[in-house]
Amino acid sequence: QYCLDQSAASTAQELIVCIARMDTWKKNKEGILKFLKSNKSNPRSASKYYEKIVPLVYSQGLFGIIGLIKKILVFFIGMFKVIPREPSSYSDMRVWAHKTTALACENLMLALRAYGYDSCPMEGMDSKRIKNLLKLPKKAEVCMVVSVGKRAHNGVYGKRFRLDSDKFIKII
């Protein structure tokens with residue numbers, strides 16, 4: 001019902017709710033560092049990346065002040081050299097978290113297909129009700145719901161349609 005009664009949701013054997021989190025990068029960074037340091041064969045550059053670069057990139061500071069300073073510095077540095085420009089605000093962090101989550105969803109759906117299951121990503125949903133149902137933290141955001149299961153014979157309602165790739169791909 002919370003997926004707007006889409007047939008992909010109502011006929012699926014399982015529904016996977018995929019969550020984007022902007023507030024867990026510090027905890028995840030510490031977990032990755034612990035893992036890297038436990039294995040002495042990992043390159044030191046990987047640990048340095050998580051110790052120094054990750055906090056610099058993802059910290060926004062109180063009221064986003066650090067992000068604003070980064071945006072100004074990056075603007076001027078970017079006039080002379082190639083430099084990563086995002087995330088420099090909380091809205092950039094949201095975009096980053098949702099893109100990362102969507103990429104993970106894509107990998108999940110490819111893996112499901114490799115094991116003989118079908119899936120369907122759904123963005124049409126009542127995310128507030130889903131958050132309440134699952135008792136998710138306030139800062140968690142529902143990115144999409146993925147339905148999973150074995151395809152029914154009548155599960156595909158039409159022939160696959162693709163738009164012309166030249167509308168989306170520019171070769172230079």
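Note that the numbering runs from 1 along the sequence shown for the chain.
Side-chain atoms of P137 and R21, non-hydrogen and from C-beta on, do get closer than 4.5 Å to each other. Using a 4.5 Å heavy-atom cutoff, the side chains of P87 and W25 are not in contact. Residues S127 and E141 are not in side-chain contact: their nearest non-hydrogen atoms beyond the backbone lie 4.5 Å or more apart. Side-chain contact check for K37 versus S47: some heavy-atom pair is nearer than 4.5 Å. Here the side chains of L134 and I130 are in contact, with some heavy-atom distance below 4.5 Å. Between L112 and L110, every side-chain heavy-atom pair lies at or beyond the 4.5 Å cut-off. Two residues are said to be in side-chain contact when any heavy atoms from C-beta on lie closer than 4.5 Å; I16 and V145 fail this criterion. A heavy-atom distance below 4.5 Å is found between the side chains of E51 and L33.
Nearest approach of M22 to A97, heavy atoms of both residues: SD-CB, 3.7 Å. Residues S119 and V146 share a closest heavy-atom pair of CB-CG1, 3.8 Å. Between C18 and C105, the closest heavy-atom pair is SG-SG, 3.3 Å. A pairwise comparison of heavy atoms in K131 and A140 identifies NZ-O, 2.7 Å as the closest pair. Nearest heavy-atom pair, S89 versus Q60, reported as atom, atom and distance to 0.1 Å: N-OE1, 3.1 Å.
Under a 3.5 Å cut-off, the side chain of E123 and the backbone N or O of C143 do not form any donor-acceptor pair. Checking side-chain atoms of N39 against main-chain N and O of S41 turns up a donor-acceptor pair under 3.5 Å. The backbone N or O of K27 sits nowhere less than 3.5 Å from a side-chain atom of E30 that would complete a donor-acceptor pair. No donor-acceptor pair closer than 3.5 Å links the side chain of K70 to the backbone N or O of I65.
When each of L15, V142, V17 is checked for a side chain to side chain contact (heavy atoms under 4.5 Å, CB included) with M125, only V142 meets the rule.
Around atom CD of Q1, no more than 12 heavy atoms belonging to other residues, nucleotides or ligands sit under 6.0 Å away. Within 6.0 Å of CZ on R129 lie no more than 12 heavy atoms contributed by other residues, nucleotides or ligands. Within a 6.0 Å sphere centred on CZ of F168, other residues, nucleotides and ligands contribute more than 12 heavy atoms.
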>> For a side chain to side chain contact (heavy atoms under 4.5 Å, CB included) check, start with the C-alpha distance between I172 and K170, then their side-chain angles and the critical distance, and finish with the verdict.
In response: CA-CA 6 Å; I172 52 174; K170 182 177 180 180; 3.9 Å; yes
>> Please evaluate residues S147 and E14 with respect to the criterion side chain to side chain contact (heavy atoms under 4.5 Å, CB included), reporting the C-alpha separation (whole Å), side-chain torsions for both, the decisive distance (0.1 Å), and the verdict.
In response: CA-CA 6 Å; S147 63; E14 302 291 337; over 6 Å; no
> Passes side chain to side chain contact (heavy atoms under 4.5 Å, CB included), F35 versus N42? Steps please.
Replying inline: CA-CA 9 Å; F35 169 77; N42 286 319; 4.2 Å; yes
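Y58 does not carry K26 over the face of its six-membered ring by the limits of under 6.0 Å from the centre and within 45° of the normal.
Atom CZ of R85 and atom CG of L73 lie 12.0 Å apart (nearest 0.5 Å).
Under 4.0 Å is where a charged nitrogen must lie from a carboxylate oxygen, and between K150 and D118 no such pair does.
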